[in-house]
Structures are given as C-alpha cells and as structure tokens.
Amino acid sequence: MFFKDFRKFETTIGGRPFVVETGKMAQLAGGSCLVRYGETNVLCTATMSAKPRDGIDFFPLSVDFEEKLYSVGKIPGSFQRREARPSEKAILAGRVIDRPIRPLFPKDMRNDVGVVATVMSVDQDCPPDMVAMLGVSIALSISEIPWRGPVAGVCVGLVDGAYVINPTAAQREKSRMSTVVASTGELVAMIEAGASEVTETEMFEGILFGHEENKKLVAFIENIAKEIGKQKIDFPSNDPPEEMYEAIKAFAIEDVRAALDTDDKRVRDERLKPVYEKVHAQFDEKYPELLEKIEDCLYKTQKYVVRRWLLDDGKRVDGRGIDDIRPLSAEVDLLDRTHGSGMFTRGQTQVLTTTTLGPMSMDQLLDGIDDETSKRYMHHYNFPSYSVSETRPSRGPGRREIGHGALAERALLPVIPAVEEFPYAIRLVSEVISSNGSTSQGAICGSTLSLMAAGVPIKAPVAGISCGLITEGERFMTMVDIQGLEDFFGDMDFKVAGTHAGITAIQMDLKIDGLTPAIIQEALEKTRKARLYILDDIMLPCIAAPREELSKWAPKMLTTTIAVEKISEVIGKQGKVIQKICAECNCKIDVEEDGKIFICAVDIEDAKRALFIVETIANDPEIGSIYKGVVTRLMDFGAFVEIAPGKEGLVHVSHLDVKRTERVSDVVAVGDEVIVKVREIDDQGRLNLSRRDALIEVEGLVPENTVSDAPRRSGPPRGGPGRGGRDGDRRPPRR
C-alpha cells in the first residue's frame, strides 16, 4: 500500500540511530509518528478536542504511556491474559513526559488534549520512556495543537567517571546516576534523577551535558515541524477579562494581604472566607454571566500578592527569611507493634513512615517491559484528604501518590543494604498526616528515621528538602523549604534528597518554560546546605545510627547456602521435608535455585533450629558432631534416631545411657527427643550414634563401669512415654 504522506527523518542519539516515521500510522490523530531508536519502537499521538470542556478551571491534559507486553515477547500474567491497569513504571513514565510538556501549553486553554505513547517493541539498550518523550514532542510539534515546544529529553549516566547519553543496559548496571534531563532550545525544562551519592558538581555537570545533547535534538524536531507541521489553531481563552481582574484586585488586595499574612494555614483559610464573600457581594451583580471568573480573579490576586512580597520585599507568607527552614522535629517509636516507625514534622507538614520486614518471598513481582522482574524494597505513599482539611473518599493511590512514593524509594535505594548483608524484603509506608508543602521530602526524612529505628543497617541517613523559585523577566529568586502557597503561586518545586556524601534523588517540577544553569546551580547549593542542617541538627540527634537489634515483633532471618544437588533433599518429595521443618520450627523457609536458603522466624531460636536441621540435611554429618534428634523406632538391639528429616542413625543399646541398660524401652520411647553424638559412619554412609557419649560431653554425667554391649531380649516396654524426655528441653550446641 502506498502512503503518499509518508516521511522519514533520521539522526543519532548516543551513537545509536534514531528514526522518525510520519504519515503512515494513526493518520486521524492530530499529530502522530512512529519513533524507532535501535530496536525500540514507540507510536506517539497527540489529539485535541474541538471544543473546550465546560465548568473546569484547569487545562485538561492527559498523558498515557502504554506498555504492551508483546513488545518484549511476553504474554500478560493476568487471569484474562491482557494488559490491565498501567503498571507503576508506566505511570511514572507518563509523569516524566507530562512535566516538561505541560508548562508549554497555553494556561487559559480548556480544550482536552490527549497524548498517548504506545510501546510496541523494546530493545533494553534503548529506553522506551526517552523514546516516548521525544515522540510525544514531535507529535505535538507537527499537530495543530497550540504548544510552545518542542522539548527534547535524554538520560545521562555516569560510567567510569564519564558522562553517557542514554546508557545501555550494561552501562546502567555500572552507572552512578540516572538523570533524565528535558530541555527546550535554551532552558532546562525538567530533571528527574536517581544517584549513588554523587556530588552537586557531578550532578550539575551531568545536567548541562544532557542539555547540550537536547539542544541538537530540539533543532532536529524543529526541522521536522517546519517541513510537515500543521498550522496551529486558535482557541477560546478562559482567562477573565482584564478590566474585571483589575477591578477585583483593586477592591480586595488589602484584605487579601491581611488574610495571607500568617504562618498557620488554618488561620489563612478562615481569613479568606469573608474576603470571598465580600467580593461576591460586590461583583456578582456586576458580572452575572462571569460568576465563575470571580474566584479566578481572587486566585490571581493572591498569586500577585505572594509573588510581589517575595520579589520586591524578600518577605515570605509565614515571616521566614528567604533561606530559613520551618520548625522541624523528628521522632521514632510512635507505634507499638510495627517493626519500625518514624515521624518527621516540618511546620504544618507531618509524615509518619512505618517499616515492615518480611522474608524474601514477599518481594514484589513485576510484569513489565524491562528486565526487572522483582524488587525487595518497596515504598508506598498515602495522601488522605484529612491531611489538607478536606473530605473525600479514599479510592486508592493516584498518579501523584505513586510518583511521590517512587521518589522516596529512589532517594533511599542507594543506602538500602544488599540482600547478602540484610536478607529481608522491606516495605515502607509513608502516611501524610498533615500537608502544607514538601510532603514527599518529609516522607524521605521520616523513612530514614523509621529504617534506623527498625534496625535496618542503612549505609547512611538520607534527608530531603525543596527549593522554590519566583521569576520576572530576567529577575529571579530562590527560596528554600517552600510551603503550600509558595508552591501554588511559585514557578518551581526543586526537590533534592541525599546523604552527607551526595545526592541520591532529584525531582524538578516547573510552571515556566525552563531554568537557566545559574538557577539550577543556586538551587543545588541551597538544598545541599539545608539537607546537611536537617541531618546534623534534627534527625541524627533523634537517632544517631541504625539499631543493632531488630524489633521483637520483626521476623529474624538466617541464611545459608547449600549445594544445588542437595536442594531436593531439603525440599523432599512433594515438599514434605521442608513443610515438616517449617511446622516444627514455626518458621518460613525460602529456597532459591542457586542453593541460597532464607529462614525466617519471629523467635531467633526457632530460626537457629531450622538452620541446624537444613545444614544437617545438606551437609554430611561428621564424626564427633552432636545433634538433637527424635526416636523413630525401637529394636531389641537399640533405637533409631532421626537427627534431621531423612537422616537417621542407630543408637546401640550399649550407647543408650551412662548406666547399664536392660531394655531399650527402659530408657527411651518413640517420639522422645534425645541428644546424640556421631561415633561412626560406615562404608555405606550409615550413622552409628551414641546417646551415652552425648550425655557425658554435654551434661557431664559420669558413666558406670559396666555397660552391656549385648542385645537384650524383647518384652513389653517398661516405664511410660517420655522416658529420656529430660533431654527434650535442651538444645545441643551448634556445630
């Protein structure tokens, strides 16, 4: 089939071919392109509704990043075997695309715009989220949709001391940072970073490195738009008339100033209520057809007041200095039965984080389009309506909650101990108890407190802080630790988390086109100083280091590694051996394919007992070793004792006790727990055990001079069950 409008454009990114095809697929969308990067293929479309949506006061943009599992040759694991709701990674990819493109739409537009990036083929060396960001920018640029783009985005890695654009899968394993940088032709529009404690200088230079690459890509996209782009359409503005805004501002500005001038959000909200009533009483009759615009004018008036205070007077709403941080506090151990808890308070923002530890089998299974199939560290963030004095039903986490949880997870991941050091699945839950700005950074601080209180041996404590921005032409000013109003009415929320040594995560949200290098550098330096203050003066005085012991409510974990060929013996036929161990020792045992064994029990003694049994099964007993076993059979010539499931040995009658034994049943009964010592292993691997030698060695009993070695005649057992049970309450020493 011939496509008369088919066009192909090519360039390279990070040494790999980048190909854009238009005019062949999704031709009914406002703008569309199939983007190929290596063997990663993403179909990107952008479409706008013909009419504005009524009754809304925001720009209705939706960005969907759709993962198709056929792109990596997988059949979905769901019951219906089809893709269902977006994965967390898909939601996060959509947010990364949304943040740089949203500020470039007209703020007064109310037409719905839908952007869809459908991942159709994945080459793990060519990240599909970066391909999607570029494809979306191209689709918007060539469409009729009003938009001040294009933008371009790349991921910057730091591998062996050198910056790398869009690192491959192998390079990502070694990279010290993964920093997504989106840019317009001149400004940095978005930063999203995870890093292993890189310095501010390393991060800043990496951002500029990515920005330079983006400039070339923006020029490439602009050339495509010049050749095939559609004429941008006009749209009805949703802004209130200028004369209406000026009249309301002049009438209400002094009342608004008085209402906003407090550090208490509750007081501010109460003060604003009569101001709104007064304005409506004055202007409802004057503007009967624009009643909904009155509150828009009041919002713009508040924004004007806050920005003028900051830019002209260096005054913040709550009276702080530009670089002052709100009152802070840190607490641990607030909840009785959790494995760890910590609460961080910053002004009227309060976040309580709990830590829960579990066996490795409780890690999260992932069914996505990348190589990651599971993760043992999970961070969830909840933002209930009461935290902002509102009432709405809880409907599960939204995109914002998922995004903030992922930011906190990324910030703490570099300090989480390796599984070899701390073999636990770890789940953190950050509950926002009260919100007045910077809850995600409060979650990071509270999570560090909770982890240390739980006894998780993190490599270093992590703190987070945000930096705001106000711009006017060439003028700009930054302020540290922004609260809610400064976020709403400001131009930037620049969140940075890290340790004493360096940065672990960045997330930058903008309401303007982008930032200059000077603004970025100043924000990095201000957040560094604030982060160190929070760590040294607030968090570490609360809890200086991870506790050496876990909570008594936390499961205790022991690990060992056995030969792969011994796994079947530990598991047993149809799992009977391992099930028996778990039941007897009140524990959970996970066995991995490489022979690693994870034993989890609330009581450490139960875990030790299970470990001892597993090692007994997996390792051949040695002569002289002492075990606790269970009598399984009585014979005339002795008793058989099972020292581990499937491992049984004979205790000859002459070795049953330190004194002369007439009958086996005089000393032991089936089911008795006894301690025994391995005295011989014959050529066929059969065990000869001695209870007599074990009692002498462990309990220091003195043997009688005469001990019979001859088999005794059979007869009815004498003595009740449990004879010999005195040993059942004692545990043998570890080998």
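A quick note: this is a predicted structure, and the numbers were derived from the prediction, not measured.
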Is the backbone of [Y] close enough, under 3.5 Å, to the side chain of [X] for a donor and an acceptor to pair up by distance?
X: Ser447; Y: Ala408; result: no
X: Ser87; Y: Ala90; result: yes
X: Arg475; Y: Leu311; result: yes
X: Lys89; Y: Gly368; result: no
X: Tyr163; Y: Gly210; result: no
X: Thr349; Y: Gly437; result: yes
X: Arg172; Y: Pro167; result: yes
X: Glu486; Y: Gln483; result: yes
X: Asp64; Y: Glu66; result: no
X: Thr527; Y: Leu524; result: yes

Is [X] atom [atom1] crowded by more than 12 heavy atoms from other residues, nucleotides or ligands, each under 6.0 Å away?
X: Met362; atom1: CE; result: no
X: Phe58; atom1: CZ; result: yes
X: Gln80; atom1: CD; result: no
X: Lys230; atom1: NZ; result: yes
X: Glu39; atom1: CD; result: no
X: Glu186; atom1: CD; result: no
X: Arg392; atom1: CZ; result: yes

Could you tell me how the ring of Phe59 sits relative to the ring of Phe105: parallel (under 30°), tilted (30 to 60°) or perpendicular (over 60°)? tilted

Restricting to non-hydrogen atoms, name the atom on [X] and the atom on [Y] that form the minimum distance, rounded to 0.1 Å.
X: Thr184; Y: Asp513; value: CG2-O, 3.8 Å
X: Gln124; Y: Ile369; value: NE2-O, 2.9 Å
X: Ile165; Y: Arg16; value: O-NH2, 3.3 Å

Nearest 0.5 angstrom please: [X] [atom1] to [Y] [atom2], how far?
X: Arg400; Y: Ile91; atom1: CZ; atom2: CD1; value: 14.5 Å
X: Glu21; Y: Glu10; atom1: CD; atom2: CD; value: 9.0 Å
X: Glu472; Y: Arg307; atom1: CD; atom2: CZ; value: 7.5 Å
X: Thr301; Y: Tyr304; atom1: OG1; atom2: OH; value: 10.0 Å
X: Asp129; Y: Leu92; atom1: CG; atom2: CG; value: 10.0 Å

Show the atom names and distances, to 0.1 Å, of all donor-acceptor pairs under 3.5 Å that link a side chain in residues 40-55 to residues at least two apart or in another chain.
unit_1 : atom_1 : unit_2 : atom_2 : d
Thr40  : OG1    : Asp123 : N      : 2.8
Thr40  : OG1    : Asp123 : O      : 3.1
Thr40  : OG1    : Cys126 : O      : 2.7
Asn41  : OD1    : Arg36  : NH1    : 3.4
Ser49  : OG     : Lys51  : O      : 2.9
Ser49  : OG     : Asp112 : N      : 3.0
Arg53  : NE     : Asp112 : OD1    : 3.3
Arg53  : NE     : Asp112 : OD2    : 3.4
Arg53  : NH2    : Asp112 : OD2    : 2.4

So does [X] pair up with [Y], basic N to acidic O under 4.0 Å?
X: Lys226; Y: Glu222; value: no
X: Lys375; Y: Asp363; value: no
X: Glu202; Y: Arg176; value: yes
X: Arg7; Y: Asp5; value: no

[X] side chain near [Y] side chain, heavy-atom distance below 4.5 Å:
X: Ser32; Y: Met25; result: no
X: Cys155; Y: Thr179; result: no
X: Ile519; Y: Leu469; result: yes
X: Phe9; Y: Val19; result: no
X: Tyr245; Y: Asp239; result: no
X: Val188; Y: Leu510; result: no
X: Glu83; Y: Lys68; result: yes
X: Val113; Y: Met109; result: yes

Looking at Phe489 versus Tyr299, is the centre-to-centre ring distance below 6.0 Å? yes

Starting from the C-alpha separation in whole Å, work towards a yes-or-no answer on side chain to side chain donor-acceptor pair (under 3.5 Å) for Tyr381 and Thr439. CA-CA 10 Å; Tyr381 167 103; Thr439 55; 2.6 Å; yes

Extract all donor-acceptor atom pairs below 3.5 Å that involve side chains of residues 136-147 and protein atoms in other chains or at least two apart in sequence.
unit_1 : atom_1 : unit_2 : atom_2 : d
Ser137 : OG     : Val151 : N      : 3.0
Ser137 : OG     : Val151 : O      : 2.7
Ser141 : OG     : Ser137 : O      : 2.7
Ser143 : OG     : Leu140 : O      : 2.9
Ser143 : OG     : Ile145 : N      : 3.2
Trp147 : NE1    : Ile101 : O      : 3.1

Evaluation steps, side chain to side chain donor-acceptor pair (under 3.5 Å), between Lys293 and Asn238: CA-CA 9 Å; Lys293 302 300 182 186; Asn238 193 64; 2.7 Å; yes

Distance under 6.0 Å and angle within 45° of the ring axis: does Lys24 meet both against Phe6? yes

Side chain to side chain contact (heavy atoms under 4.5 Å, CB included), paired with Asp509, selected from Met190, Glu192, Arg99, Met492: Arg99

Report the C-alpha separation of Ser466 and Gln441 in whole Å, then their side-chain angles, then the decisive distance to 0.1 Å, and conclude whether the side chain to side chain donor-acceptor pair (under 3.5 Å) test is met. CA-CA 7 Å; Ser466 62; Gln441 304 309 286; over 6 Å; no

